[in-house]
Amino acid sequence: MRSEQKNISNIYQLDGKVPLSKAVPFGLQHVLAMFVANIAPIIIVAGACGLDTARTAGLIQTAMIIAGIGSMVQLYSIWRIGARLPIVMGISFTFVSVFCFIGPTYGYEAIIGAVIVGGVLEGILGLLAKYWVKLISPIVAASVVTSIGFSLLSVGASSFGGGSGVEDFGSVQNLLLGTITLLCCIVFNVFAKAYWKQLSVLFGLVVGYIVAVCMGMVDFSAVSTAGWISLPKLLPVVPVFNLGAIISTLVIFLVSATETIGDTSALAATGLHREVTTEELSGSIAADGFVSALSGIFGCLPITSFSQNVGLISMTKVVNRFTIFTGCIIMVLAGFFPMFGALLATLPDAVLGGCTLMMFGNIVISGLQMIAKCGFTQRNITIAALSLSIGLGFTQVPEIFAVFPQIIQNVFAENCVAVVFLVSVIMNLVLPKDMEAM
């Protein structure tokens, strides 16, 4: 009994044996937390590019397989590719705006060509991180993590209301469903004992889903038409290497790398209670890039670390790599078995929103704690205050970027993380190191 209890407590350790029956629920919790966000970018970009339903469904399958493979690489690494940390990967939202421009203009084939080239270049940049990562000082990383949390709050609120663009957004049914889910998460976290507390998000998702079924808010039509098994196709589209598309996408890859730095720093700080190492940052960025290139080879979009799963780890403190690995297996299975993926895809947005609000708020608090750990010197306050005020403020009124070229607007106008990163890095380079003595 004592040995079993010790094994269960290993969920809070990076390495250690955890019983499969205990590991699977925590792994499933990670899959449910990221599933809708993993497929949403594909649905948006596929719609903008005019892809048919069959091609879109194939991309969704591939997205789950690539997410699982990418997460495995982050967990256990291949050579220097991968952080060996419990980082969950998924299709990146960061690229949506630029792809919605490239796709209709140059074709989906140009997107795939840009993803392959940009992914390889980001991967190489990650392997060389030790030569430039010192530009990312602790106060820069803390500011970026804080901005990631703030940027996700609107995503959680949008899901709570039923999902962006739906006809019944903000309806009584959606708000009631989101509230029930949120209350279930809170109540379970308060009254559950020992390690069971950390399954509060999974409990909320399950109860919320059951309530949604009872309310008639779950559409099972996609499940009935889904096949039993399907394999991803190598180069389902012939990539086109358009220079304009590659340059535009490469800039977004740099932005994605900064988000990965913030996510990896936040995970180390909140999950492992230490600062991230240069090797971990290097491996994390390299995995982002090279797995994105692999995703492009299979006709899919770039992959990156998922902030919502960092928030989940921040809340539960479950960092065991084997435990997260079971979630990776579930993601891959969801890709090979379309019916399984179709069932997970029926999860209503309002249920997901009820669970993610607290998770995203935890990322904000984690960022603020990182800022506090850096110390409230005049220099740190200036960097954090100015980068966050410009990043959060300017992107709330994107019209302020109207005088800039379209590529600048695509990168910065609605991406507060990119703006915060740029401003904080510049401030960190130009401000005197000894401002207190002046």
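All residue numbers in this chain count up from 1 along the given sequence. These numbers were taken from a predicted model, which means no experiment stands behind them.
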Colleague: Determine whether Met72 and Ile329 make a side-chain contact, defined as any pair of heavy atoms from C-beta on separated by less than 4.5 Å.
Modeller: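 Yes - at least one pair of side-chain heavy atoms lies under 4.5 Å apart.
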Colleague: Could you please spell out the steps behind the side-chain contact (heavy atoms from CB on, under 4.5 Å) verdict for Ser305 and Val88?
Modeller: CA-CA 6 Å; Ser305 57; Val88 176; over 6 Å; no
Colleague: Okay, side chain of Thr323, backbone of Ile11: is any donor-acceptor separation there less than 3.5 Å?
Modeller: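 Here the side-chain-to-backbone pair does not exist.
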Colleague: What pair of heavy atoms forms the shortest contact from Ile313 to Gly271, and how long is it?
Modeller: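 So the two residues come closest at CG2-CA, 4.2 Å.
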Colleague: Output every pair passing ring-ring contact (aromatic ring centres under 6.0 Å, His included) with a member in residues 234-281, not counting sequence neighbours, ordered by first then second residue.
Modeller: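 Listed once each, the pairs are Phe95-Phe253.
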Colleague: Donor-acceptor check, side chain of Arg80 to backbone of Ser282, threshold 3.5 angstrom: yes or no?
Modeller: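 Checked: no pair found.
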Colleague: Between Ile371 and Phe376, is the side-chain contact (heavy atoms from CB on, under 4.5 Å) condition met? List the steps.
Modeller: CA-CA 8 Å; Ile371 292 175; Phe376 292 106; 4.0 Å; yes
Colleague: What pair of heavy atoms forms the shortest contact from Cys300 to Thr62, and how long is it?
Modeller: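 Scanning both residues completely, I find the closest heavy atoms to be CB-CG2, 3.9 Å.
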Colleague: List in chain and number order the residues that pass side chain to side chain donor-acceptor pair (under 3.5 Å) with Asn242, two or more places apart in sequence or in another chain; answer none if no residue qualifies.
Modeller: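 Partners of Asn242 by the side chain to side chain donor-acceptor pair (under 3.5 Å) criterion come out as none, since no residue qualifies.
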Colleague: The criterion is side chain to side chain donor-acceptor pair (under 3.5 Å); which residues satisfy it with Thr395, sequence neighbours excluded?
Modeller: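 Here no residue qualifies.
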Colleague: Run the side chain to side chain donor-acceptor pair (under 3.5 Å) test against Ser256 and tell me which residues pass, sequence neighbours left out.
Modeller: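 Ser256: side chain to side chain donor-acceptor pair (under 3.5 Å) contacts with Thr304.
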Colleague: With the side chain counted from C-beta on, respond yes when Leu51 and Tyr108 share a heavy-atom pair under 4.5 Å apart, and no when they do not.
Modeller: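 Side chain of Leu51 against side chain of Tyr108, heavy atoms only: contact under 4.5 Å found.
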Colleague: Just how far is it from atom CD1 of Ile246 to atom CD1 of Ile111, taken to the nearest 0.5 Å?
Modeller: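 Output value for this atom pair is 12.5 Å.
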Colleague: Which atom names give the shortest non-hydrogen contact between Gln409 and Ala402, and what distance separates them?
Modeller: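 For Gln409 and Ala402, the tightest heavy-atom pair comes out as NE2-O, 3.5 Å.
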Colleague: Show your working on side chain to side chain donor-acceptor pair (under 3.5 Å) between Ser284 and Thr260 and close with a plain yes or no.
Modeller: CA-CA 7 Å; Ser284 182; Thr260 298; 5.2 Å; no
Colleague: Quick one: list whatever passes side chain to side chain donor-acceptor pair (under 3.5 Å) with Thr277, sequence neighbours left out.
Modeller: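 Thr277: side chain to side chain donor-acceptor pair (under 3.5 Å) contacts with Glu280.
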Colleague: If you round to the nearest 0.5 Å, how far is CD1 of Ile102 from OG1 of Thr249?
Modeller: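 So the gap between those two atoms works out to 3.5 Å.
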Colleague: Do Ile324 and Ser71 have side chains that approach each other closer than 4.5 Å (heavy atoms only, starting at C-beta)?
Modeller: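 Heavy-atom side-chain distance check fails, nothing below 4.5 Å.
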Colleague: Is the side chain of Trp132 donor-acceptor paired with the backbone N or O of Gly126 at a distance under 3.5 Å, no angle test?
Modeller: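 No; judged by distance alone, with no hydrogens or angles, the pair does not exist.
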Colleague: Is the backbone N or O of Gly70 less than 3.5 Å from a side-chain atom of Gln74, with the two atoms forming a donor-acceptor pair by type?
Modeller: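 Looks like no, no N/O pair under 3.5 Å.
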Colleague: Taking all non-hydrogen atoms of both residues into account, name the closest pair between Thr326 and Gly27 and its distance.
Modeller: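 That would be OG1-CA, 3.6 Å.
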Colleague: Let me confirm one number: the CD1-CG distance from Ile139 to Asn380, rounded to the nearest 0.5 Å.
Modeller: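 Here the rounded value is 4.0 Å.
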Colleague: Start with the C-alpha distance between Ser387 and Ile426, add both sets of side-chain angles, then the distance that settles side-chain contact (heavy atoms from CB on, under 4.5 Å), and finish with yes or no.
Modeller: CA-CA 9 Å; Ser387 62; Ile426 292 174; over 6 Å; no
Colleague: Taking the side chain as C-beta and beyond, is there a heavy-atom pair between Asn320 and Asp15 under 4.5 Å?
Modeller: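 No, every pair of side-chain atoms sits at 4.5 Å or beyond.
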Colleague: Leu231: what forms a side-chain contact (heavy atoms from CB on, under 4.5 Å) with it, not counting sequence neighbours?
Modeller: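 By the side-chain contact (heavy atoms from CB on, under 4.5 Å) rule, Leu231 matches Phe336.
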Colleague: Considering non-hydrogen atoms only, spot the tightest contact between Leu75 and Pro86 and give its length.
Modeller: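 So the minimum-distance heavy-atom pair works out to CD2-CA, 3.5 Å.
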Colleague: Tell me the closest heavy-atom pair linking Gly299 and Leu59, and the distance in Å.
Modeller: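 Looking at all heavy atoms of both residues, the closest pair is O-CD2, 2.9 Å.
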Colleague: Within the 4.5 Å heavy-atom criterion, are Phe99 and Val115 side-chain neighbours or not?
Modeller: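 In short, these two side chains touch, coming nearer than 4.5 Å.
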Colleague: If we only count heavy atoms from C-beta on, is the Met89 to Ile66 side-chain gap below 4.5 Å?
Modeller: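 The answer is no, as the side chains (C-beta and beyond) never meet within the 4.5 Å cut-off.
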Colleague: Please identify each residue that fulfils side-chain contact (heavy atoms from CB on, under 4.5 Å) with Phe203, with sequence neighbours left out.
Modeller: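 Once residues adjacent in sequence are excluded, the partners of Phe203 under the side-chain contact (heavy atoms from CB on, under 4.5 Å) criterion are Cys184, Phe188, Val207.
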Colleague: Calculate, to the nearest 0.5 Å, the distance between atoms CG and OG1 belonging to Leu392 and Thr146 respectively.
Modeller: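 Between Leu392 CG and Thr146 OG1, I get 9.0 Å after rounding to 0.5 Å.
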Colleague: Report yes if some heavy atom in the side chain of Ser158 is under 4.5 Å from a heavy atom in the side chain of Phe169; otherwise report no.
Modeller: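 Result yes, sub-4.5 Å side-chain heavy-atom pair found.
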Colleague: Using the side chain to side chain donor-acceptor pair (under 3.5 Å) rule, collect all pairs that involve residues 423-432, keeping only residues at least two apart or in two chains.
Modeller: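 As it turns out, the side chain to side chain donor-acceptor pair (under 3.5 Å) pairs with a partner in residues 423-432, which skip direct neighbours, are Ser137-Asn428, Arg379-Asn428.
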Colleague: Would you give the length of the straight line joining atom CD1 of Ile116 to atom CG of Leu121, rounded to the nearest 0.5 angstrom?
Modeller: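 Atom-to-atom, Ile116:CD1 and Leu121:CG are 12.0 Å apart.
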Colleague: Rounded at 0.5 Å granularity, tell me how far CG in Leu125 sits from CD in Glu122.
Modeller: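 It comes to 7.0 Å.
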Colleague: Name all residues meeting the side-chain contact (heavy atoms from CB on, under 4.5 Å) criterion together with Ile390; count only those two or more places apart in sequence or in a different chain, and write none if there are none.
Modeller: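 Ile390 satisfies side-chain contact (heavy atoms from CB on, under 4.5 Å) with Leu386, Phe394, Val419, Val423 once adjacent residues are dropped.
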Colleague: Under the rule for side-chain contact (heavy atoms from CB on, under 4.5 Å), what residues qualify as partners of Val364, not counting sequence neighbours?
Modeller: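 Once residues adjacent in sequence are excluded, the partners of Val364 under the side-chain contact (heavy atoms from CB on, under 4.5 Å) criterion are Phe150, Leu153, Leu368.
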Colleague: Mind jotting down which residue pairs meet the ring-ring contact (aromatic ring centres under 6.0 Å, His included) criterion with at least one end in residues 64-90? Sequence neighbours excluded, please.
Modeller: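 Checked against ring-ring contact (aromatic ring centres under 6.0 Å, His included) - neighbours excluded - the pairs reaching residues 64-90 are Tyr76-Phe325.
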Colleague: Please tabulate, for the side chains in residues 289-298, all donor-acceptor contacts under 3.5 angstrom to protein atoms that are two or more places apart in sequence or on a different chain.
Modeller:
unit_1: Ser292; atom_1: OG; unit_2: Asp288; atom_2: O; d: 2.6
unit_1: Ser292; atom_1: OG; unit_2: Ile303; atom_2: N; d: 3.0
unit_1: Ser292; atom_1: OG; unit_2: Ile303; atom_2: O; d: 3.0
unit_1: Ser295; atom_1: OG; unit_2: Leu301; atom_2: O; d: 2.6

Colleague: So, Ser77 side chain and Val73 main chain: donor-acceptor pair closer than 3.5 Å or not?
Modeller: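 Judged by distance alone, no pair lies under 3.5 Å.
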Colleague: Decide side-chain contact (heavy atoms from CB on, under 4.5 Å) for Ile87 and Leu267; before the verdict, give the C-alpha distance in whole Å, the side-chain angles of both, and the deciding distance to 0.1 Å.
Modeller: CA-CA 8 Å; Ile87 298 173; Leu267 191 147; 4.0 Å; yes
Colleague: Any side-chain to backbone donor/acceptor pair from Asn309 onto His30? Under 3.5 Å, distance only.
Modeller: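 Checked: pair present.
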Colleague: For Leu128, does the CG atom sit with more than 12 other heavy atoms under 6.0 Å from it, leaving out its own atoms?
Modeller: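 Yes, the 6.0 Å shell around CG holds more than 12 heavy atoms from other groups.
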Colleague: Would you say that Thr382 contacts Met427 through its side chain, given a criterion of any heavy-atom pair below 4.5 Å between the two side chains?
Modeller: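 Touching, per the 4.5 Å side-chain cut-off.
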